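Worth saying up front: this structure is predicted, and the values here are computed from it rather than measured.
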Amino acid sequence: MKRINWSYVILVFITISIFLSSYFYPTIRDEFYYLPNTNVPDLFTEFNNAYHTGNPRLGQFFANLIGRNPLAKPIFNVFLFWAYISVLFLFIFRRLPNVSNTKDVWELLIISAAFILLIGGFGEMFYYVPFSTNYTLTHIFYLAYLYLLSEYYFYDKNLLGNKKISFILVFVGGFFMGWCNEHVPPVLLGGGILLALFYILKNKKLPHFKILLLNLPLLFGYLVLFLAPANRIKFKVTGAKEFGFQWSEYVKHWMVIFKTYYYFNTILLILFLLTIGIVILNLRKINKVRLLQVAFYFLLSVLTLFIVAYSPLQGTRLLLFSNTLIIIGIYLIVIESIKYYSVNRNVLQWSSVGILILFFSFSIYVTYRAQQNFQEVMTSIDLASKKSKNVQLNKSFDFTQDIPFARKIILDRGSDYIDSQPEKDGSIEMLLKTYFKLETISSKEKAK
């Protein structure tokens, strides 16, 4: 009998786990908008409405495309996870992984375990469609752009130098990235300009034309997003000024960011500080180009937080880009440092396997329990709606059900989706009323 290659077994296990977890993931927050509705406009009309009144980001088009199909969601999320991990692999090893190579598969598993352990709210970024499309998916393109810059400015390798890569493709790619998010493109633009200035000072010439050209459509796309009518509505709803700046609000948002890191990214912060210590201890040994590269990533991660703090709404989703750059930087420094120390490879591999098995087994359990709760509440509403158009439930949703660490998987508990006041409706209550054709809906149970 052939010896079992456990790396591929775990790879398949993760893929199946993400598929099942995504399939079981309950309908939460904005996903209630995707409850079956016969009056849904076509995708382009729907996105046009979102650009003017709701969410103007390009990722919303993909959210609308995937959100209503229960089978498309898990398939997309499986692709999204492995694409994201492959980009991390690209940064670390400067090439894409080869899944036919067992060593590469083990590296993918180690990177996956490290990423899951450090990133914070994994479920909301890879299972919850409005975030996975508007943030995680778009960040793959941002990281790809940053990789282009890194290869050119740090390793003198022009990935856009191929004549088959037309100016039109460069322009469309840059425009797409600019339209995806408010808080990342300005940092990419600033980082690109900074590297270009250093390049000019060092080489006494301009960078390659395509490298410089990419900044222009990135700026145009960002302006299309920044000036969208929906953004004015968002600022008005949250009580913030569209082009105003208040130090008191800015400081409050920084406090929220610090608390988010404290509660959801504690391990990442500790490893970040340890990485700085490693750099100091091994300063003469670490490759200087690699050190500058990591310093650049850390700088961009911090600069992104300064823009995030200006956002009227806060959340772990806004920290994904910064956290990813910090993880890449830590990984690069560790790889540089372990060259000088003996590291037991088997211990590293099987520790990663243990983390992945525990996490994804827990993921399936939590999402399955949450889906059961969702179906129970929806069935209760359906049965009650057949007797009366004024429904009062004994219990509302409770997706996490006091399961420890479930917040790492499920974005919301859901207990506040239906309140005890039938005369006042939140957005989810209004959607439920439309779906079940009710006049009022409320719950006897108070939100936890």
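- One finds the CG atom of L90 at 11.5 Å from the CD1 atom of I140 (value rounded to the nearest 0.5 Å).
- Under the ring-ring contact (aromatic ring centres under 6.0 Å, His included) criterion, F93 pairs with F89, not counting sequence neighbours.
- Remark: aromatic rings of F126 and F131 are distant, center separation not under 6.0 Å.
- Under a 3.5 Å cut-off, the side chain of S301 and the backbone N or O of I326 do not form any donor-acceptor pair.
- Judged by distance alone, the side chain of N373 and the main-chain N or O of F397 form no donor-acceptor pair under 3.5 Å.
- No side-chain donor-acceptor contact under 3.5 Å links N181 to the backbone of H183.
- Atom CZ of residue F360 and atom OG1 of residue T367 lie 11.0 Å apart, to the nearest 0.5 angstrom.
- I85 places a side-chain heavy atom less than 4.5 Å from the side chain of F81.
- Between the Y127 side chain and the K73 main chain, no donor and acceptor come within less than 3.5 Å of each other.
- Side chain of N215 to main chain of I193: no donor-acceptor pair is present (N/O by atom type, distance under 3.5 Å, no hydrogens or angles).
- When the options K408, R29, R407 are evaluated for a salt bridge (charged side-chain N to carboxylate O under 4.0 Å, His left out) with E124, the one that passes is R407.
- Listed by first then second residue, pairs satisfying salt bridge (Lys or Arg N to Asp or Glu O under 4.0 Å) with a partner in residues 356-371 number zero, not counting sequence neighbours.
- Shown here for Y34 and G67, the closest heavy-atom pair between the two residues is CB-O, 3.7 Å.
- With rounding to the nearest 0.5 Å, the separation of CD1 in I211 from CG in L206 is 13.0 Å.
- Applying side-chain hydrogen bond (donor to acceptor under 3.5 Å, both in side chains) to N55 and the options N64, D30, N134 leaves one that passes, N134.
- For the atom pair CD1 of I330 and CG of L268, the computed distance is 5.0 Å after rounding to the nearest 0.5 Å.
- Listed by first and then second residue, the salt bridge (Lys or Arg N to Asp or Glu O under 4.0 Å) pairs involving residues 91-112 are R94-E151, R95-D104, E107-R345 (not counting sequence neighbours).
- Taking the six-membered ring wherever Trp is involved, the centroid distance between the rings of F405 and F362 does not fall below 6.0 Å.
- Between F91 and Y331, the ring center distance fails the sub-6.0 Å criterion.
- Residues meeting the salt bridge (Lys or Arg N to Asp or Glu O under 4.0 Å) test with K252, sequence neighbours left out: E249.
- Considering only heavy atoms from C-beta on, L214 comes within 4.5 Å of L148 through its side chain.
- For the atom pair D416 CG and E429 CD, the distance stands at 9.5 Å (nearest 0.5 Å).
- Residues passing the salt bridge (Lys or Arg N to Asp or Glu O under 4.0 Å) test with R317, sequence neighbours excluded: none.
- Taking the six-membered ring where the residue is Trp, the centroids of W106 and W6 are separated by 6.0 Å or more.
- Note that CG of L195 is 11.0 Å distant from CD1 of I200, once rounded to the nearest 0.5 Å.
- With ring centers used as reference points, Y199 lies under 6.0 Å from Y152.
- Using modelled atom types, one side-chain atom of N265 and one backbone atom of L118 make a donor-acceptor pair closer than 3.5 Å.
- Judged purely by atom type and a 3.5 angstrom limit, Y142 uses its side chain to pair as donor or acceptor with the backbone of M177.
- Aromatic rings from F198 and Y153 are positioned such that their centres are separated by 6.0 Å or more.
- By the 4.0 Å N-to-carboxylate-O rule, R68 lies too far from E31 to be salt-bridged with it.
- Looking at Y135, its side chain never comes within 3.5 Å of a backbone N or O of L318 through a donor-acceptor pair.
- In this structure, the side chain of W254 does not engage the main chain of L305 through any donor-acceptor pair within 3.5 Å.
- A distance-only check finds a donor-acceptor pair linking the side chain of N69 to the backbone of L71 [under 3.5 Å].
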Donor-acceptor pairs are to be reported for all side-chain atoms of residues 19-26 against protein atoms at under 3.5 Å, with residues two or more places apart or in another chain.
from : atom 1 : to   : atom 2 : distance (Å)
S21  : OG     : S17  : O      : 2.8
S21  : OG     : S363 : OG     : 2.7
S22  : OG     : I18  : O      : 2.8
S22  : OG     : N77  : ND2    : 3.1
Y25  : OH     : I409 : O      : 3.2
Y25  : OH     : L411 : N      : 3.1

